[in-house]
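Residues: numbered from 1 along the sequence shown.
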Amino acid sequence: MCHVIVTCRSMLWTLLSIVVAFAELIAFMSPDWLLGFPRSDSGEYRPSLGLYSRCLRIGSRGVGVSCGPYAGTFGEVATGFWQAAMLFLAAGILVLGGVACISVFSMCFQSIMKKSIFNICGLLQAIAGLLLMVGLMLYPAGWGSEKVLGYCGPEALPFRPSLCSLGWAFYTAIGGTLGSFLCAVLSAQAEIATSSDKVQEEIEEGKSLICLL
């Protein structure tokens with residue numbers, strides 16, 4: 001019989017797992033990792049450069065903005081460091097996405113092959129956090145590439161973006177990485193909450209829907 005068990009800690013873990021996965025995915029796809037210096041023909045507008053995409057103001061008066069991928073293939077990504085960063089980030093996001101899906105079903109199924117689903121997911125989220133961390137450390141190593149020089153000026157070097165500033169996508173990726181480690185910690189609390197004596201008492205009373213604070 002399937003017992004639907006909902007507690008504050010398990011629900012918080014589920015919601016945060018979903019939010020973290022979406023945040024990392026949105027950051028990965030965004031072109032706003034680096035904000036370049038303003039061009040003379042575009043006023044205060046600052047072009048942006050992402051891992052594989054960019055945004056530029058177009059038109060003789062700079063009235064429109066064109067956003068899209070600058071790399072048609074993986075091999076055309078600005079630098080090998082960014083290619084490696086993309087691989088690590090994509091792997092971390094894939095793991096987080098899988099855990100987010102599993103977390104929804106954790107209200108009904110609390111174990112897989114007699115192993116706690118919360119402990120398994122928490123371990124996966126910690127691994128995903130490590131993958132994301134490696135990806136984020138590789139990313140600034142690619143700031144000396146020719147592509148970045150065109151946005152940040154000729155003085156841009158690895159780990160020194162010169163005229164560029166970091167965009168919201170980079171900070172979102174950092175926040176998602178920290179969030180993945182927080183989820184790993186919360187998973188242990190979710191396990192404790194869903195296996196408490198109060199939950200067992202409710203199960204013994206024959207209840208199929210169990211909601212506890």
Test item: T172 side-chain N/O and W168 main-chain N/O as donor-acceptor pair under 3.5 Å
yes
For G36, is there any backbone N or O sitting under 3.5 Å from a side-chain donor or acceptor partner on R46?
yes
Rounded distance [0.5 Å steps], CD1 in I117 versus CZ in F105
9.5 Å
Hydrophobic cluster identity match, L16 and V185, side-chain contacts under 4.5 Å:
no
Test of understanding: clusters of I, L, V, M, F, W, Y form through side-chain heavy atoms closer than 4.5 Å, transitively. Do L132 and Y171 belong to the same one?
yes
Between W82 (side chain) and Y139 (backbone), is there a donor-acceptor pair under 3.5 Å?
yes
Do L35 and W143 belong together in a cluster built from hydrophobic side chains that touch within less than 4.5 Å?
no
Starting from the C-alpha separation in whole Å, work towards a yes-or-no answer on side chain to side chain contact (heavy atoms under 4.5 Å, CB included) for Q189 and W13.
CA-CA 9 Å; Q189 294 300 314; W13 172 73; over 6 Å; no
Do L15 and M11 have side chains that get closer than 4.5 Å, going by heavy atoms?
yes
Hey, what do you get for OG (S30) to CG (L51), rounding to the nearest 0.5 Å?
9.0 Å
Is the count of non-hydrogen atoms from other residues, nucleotides or ligands lying under 6.0 Å from F81 atom CZ greater than 12?
no
Do other residues, nucleotides or ligands put more than 12 heavy atoms under 6.0 Å from the CZ atom of F22?
no
dist C55:SG -> D32:CG (nearest 0.5 Å) comes out at 6.0 Å
Is there a donor-acceptor contact under 3.5 Å from the side chain of W33 to the main chain of A27?
yes
Closest heavy-atom pair, F170 versus L136, reported as atoms and distance to 0.1 Å, is CE1-CD2, 4.1 Å
Report the C-alpha distance between M133 and F88 in whole Å, list the side-chain angles of each, state the deciding distance to 0.1 Å, and finish with yes or no for side chain to side chain contact (heavy atoms under 4.5 Å, CB included).
CA-CA 8 Å; M133 185 183 297; F88 279 101; over 6 Å; no
State, yes or no, whether a side-chain contact exists between T14 and S106 at a heavy-atom distance under 4.5 Å.
yes
Is there a path of hydrophobic side-chain contacts, each under 4.5 Å between heavy atoms of I, L, V, M, F, W or Y residues, that connects F118 with V19?
no
What's the spacing between L131 CG and E24 CD if we round to 0.5 Å?
11.0 Å
Between side-chain atoms of residues 89-102 and protein atoms elsewhere (two or more places apart, or another chain), which donor-acceptor pairs fall under 3.5 Å?
none

Are L138 and I127 connected, step by step, through hydrophobic side chains (Ile, Leu, Val, Met, Phe, Trp, Tyr) whose heavy atoms are closer than 4.5 Å?
yes
Does any non-hydrogen side-chain atom of L186 lie less than 4.5 Å from one of R9?
no
So how far is it from S116 OG to L123 CG, rounded to the nearest 0.5 Å?
11.5 Å
Short side-chain to backbone donor-acceptor contact, R160 and E155, under 3.5 Å
yes
Are there more than 12 heavy atoms of other residues, nucleotides or ligands under 6.0 Å from atom CZ of F159?
yes
Are the side chains of Y151 and P47 in contact, using a 4.5 Å heavy-atom criterion?
yes
When you compare the side chain of Y52 with that of E76, does any pair of heavy atoms fall below 4.5 Å?
no
For L166 and L34 the tightest heavy-atom approach is CD2-CD2, 4.0 Å
Dump the intermediate steps for side chain to side chain contact (heavy atoms under 4.5 Å, CB included) on V104 and I18, then the final yes or no.
CA-CA 9 Å; V104 176; I18 295 171; 4.0 Å; yes
Quick one: does S145's side chain have a donor or acceptor within less than 3.5 Å of a partner on G142's backbone?
yes
Restricting to non-hydrogen atoms, name the atom on G122 and the atom on A184 that form the minimum distance, rounded to 0.1 Å.
O-CB, 3.4 Å
Set out, in order, the CA-CA distance, both residues' side-chain angles and the distance that settles side chain to side chain donor-acceptor pair (under 3.5 Å) for S10 and T7, then state yes or no.
CA-CA 5 Å; S10 65; T7 69; 3.0 Å; yes
Apply the side-chain hydrogen bond (donor to acceptor under 3.5 Å, both in side chains) test between Q125 and each candidate in S180, S103, S17; give the one that qualifies.
S17
Looking at Y70 and A78, would you say the former's side chain and the latter's main chain have a donor-acceptor pair under 3.5 Å?
yes
So, the side chain of E191 versus the backbone of S187: is there a donor-acceptor pair under 3.5 Å, distance only?
no
